Amino acid sequence: MQRRELLRSGTLAGIALLADRALAQSGATGGKLIPWSDQPPSVPPPLENVAKGLARWEDLESWITPNDKFFSIAHYNRPQIDDKTWRLGVSGLVDHPSTLTLDQLRALPREQVTFTLECSGNNGLPFLQSAIGNARWGGTPLAEVLRNAGIKSDAVEVVFFGADSGEETVRKDTPLEFKYTSNFARSMPVADAMNPANLLCYEMNGAPLPVANGFPCRLIVPGWYGVANVKWLTRIEVRDNRFLGRFMGRDYVTIREEQRDGKTIMAETSVGRMLLKSAPARVMQRDRRYQIDGMAWGPRPVAAVEVKIDDGIWTKATLGQSEGKFAWRTWSLDWSPTSGEHTITSRAIDSAGNIQPAMDDPLIANKKTYWESNGQITRHIRIA
Ligand SMILES: Nc1nc2c(c(=O)[nH]1)N[C@H]1C(S)=C(S)[C@@H](COP(=O)(O)O)O[C@H]1N2
Ligand SMILES: [Mo]
């Protein structure tokens, strides 16, 4: 390893440790965890294989989510890929189409990014909670591979295909019904794909990617919702028209009631960049003192987090250290509750002054689909 890289990873580890300590503080001094009284239901049987590893928020013990505690979402199958025979194809509107082996990918420049990956469906369904995790992702900058391939001037989009596939149906239950097999895929405009933060990622927290999280290679697009981070990546295609597969044009399309010239319309927008959000993670008790810990994240730096207990006023929480613009930030607040039932709500405020919307904000209240549910989260707790 290069000296500079060693230094950099050393610093990162140091900062991560600090944040971990802040989060584990109460535990370290013999604190007691008070579990939330509003536990989410378990994932219903038809979706058991789709959403896995949804941990309870209060079991979060470190700023970095360990690989074996990271959630996973798979809409089709979970392919077991042999890294010896795995290939990444780069084709379409490029000067030099190519096929890369994992060794060839590893031989290219390596970068790391700490990025909090959240499923855009997180908090949108009763059972879909804590579909979020923070990891240090390592791999080759996507821009490097695209530059080597030479994107032609008439290119519009870059499409990323996974090895997983399933059956899709259009015009269901009509004489025009058509079934076909499709791979998981997502696309991005060329300019977004060329973002230097994007990685063809083969490492998660210093280890090879777990199978559930895309072994041997996945796309990591910091600042974008989980769905854009294509796992089990096998093919990159550059094209001159827009890709409209299921996960671009049907699923992961937010439908929201909006007003236009006095008329109500249903606005349909694609799920892409992540939104400003925060969550109360846990309450710890030490003697008669209580501490509320939580997390905040978003597309811009988090400037503040405020907490509301029951119907009280918003109180500023103390923010933990900021570590990279794509990673979540810890926050905490001392609390002296009376015994009985309480609610705890948090809201994040970003550097541009945007406030995480309340649940009755039209942005959230008029949203008909469950994706992009970044409304304020209220948790319930019983104090003895
Ligand atoms: N190939 C493939 N990539 C995929 C998916 C998938 O089903 N297949 N699910 C996406 C969705 S919806 C999310 S939220 C993230 C979750 O990443 P994780 O499973 O590593 O937590 O992966 C994304 N990448
Ligand atoms: Mo997702």
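Everything numeric here is computed off the predicted structure, so don't read it as measured data. Indexing begins at 1, ligand by ligand and atom by atom, following the structure's order.
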Do NZ/NE/NH1/NH2 and the carboxylate oxygens of Arg256 and Glu268 come within less than 4.0 Å?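 Judged by the 4.0 Å cut-off on N to carboxylate O distance, Arg256 and Glu268 do not form a salt bridge.
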
Do the side chains of Arg273 and Asp192 get close enough for a salt bridge, i.e. N-O under 4.0 angstrom?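 Salt bridge present between Arg273 and Asp192.
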
ring-ring contact (aromatic ring centres under 6.0 Å, His included) contacts touching residues 340-380 (sequence neighbours left out):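 Residue pairs with at least one partner in residues 340-380: Tyr252-Trp371, Trp335-His342.
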
With ring-ring contact (aromatic ring centres under 6.0 Å, His included) as the rule and sequence neighbours excluded, what pairs involving residues 160-203 come up?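 Found Phe161-Phe243, Phe178-Tyr180, Phe184-Phe247.
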
Heavy-atom check, side chain of Arg87 versus side chain of Leu100, under 4.5 Å: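 No, every pair of side-chain atoms sits at 4.5 Å or beyond.
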
Could I get the full list of side chain to side chain contact (heavy atoms under 4.5 Å, CB included) partners for Ala267, not counting sequence neighbours?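 So Ala267 forms a side chain to side chain contact (heavy atoms under 4.5 Å, CB included) with Glu258, Arg260, Ile265.
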
List, for ligand 1, each N/O atom that has a protein N/O partner under 3.5 Å away, with both atom names and the distance.
from	atom 1	to	atom 2	distance (Å)
ligand 1	1 (N)	Asp164	OD1	2.8
ligand 1	1 (N)	Asp164	OD2	3.3
ligand 1	1 (N)	Lys231	O	3.0
ligand 1	3 (N)	Lys231	N	2.9
ligand 1	7 (O)	His75	N	2.8
ligand 1	8 (N)	Asp164	OD2	2.7
ligand 1	9 (N)	Ile73	O	3.4
ligand 1	17 (O)	Arg218	NH2	3.2
ligand 1	19 (O)	Ile73	N	3.0
ligand 1	19 (O)	Lys231	NZ	2.5
ligand 1	20 (O)	Asn213	ND2	2.8
ligand 1	20 (O)	Arg218	NH1	2.7
ligand 1	21 (O)	Phe71	O	2.8
ligand 1	24 (N)	Asn229	O	3.0

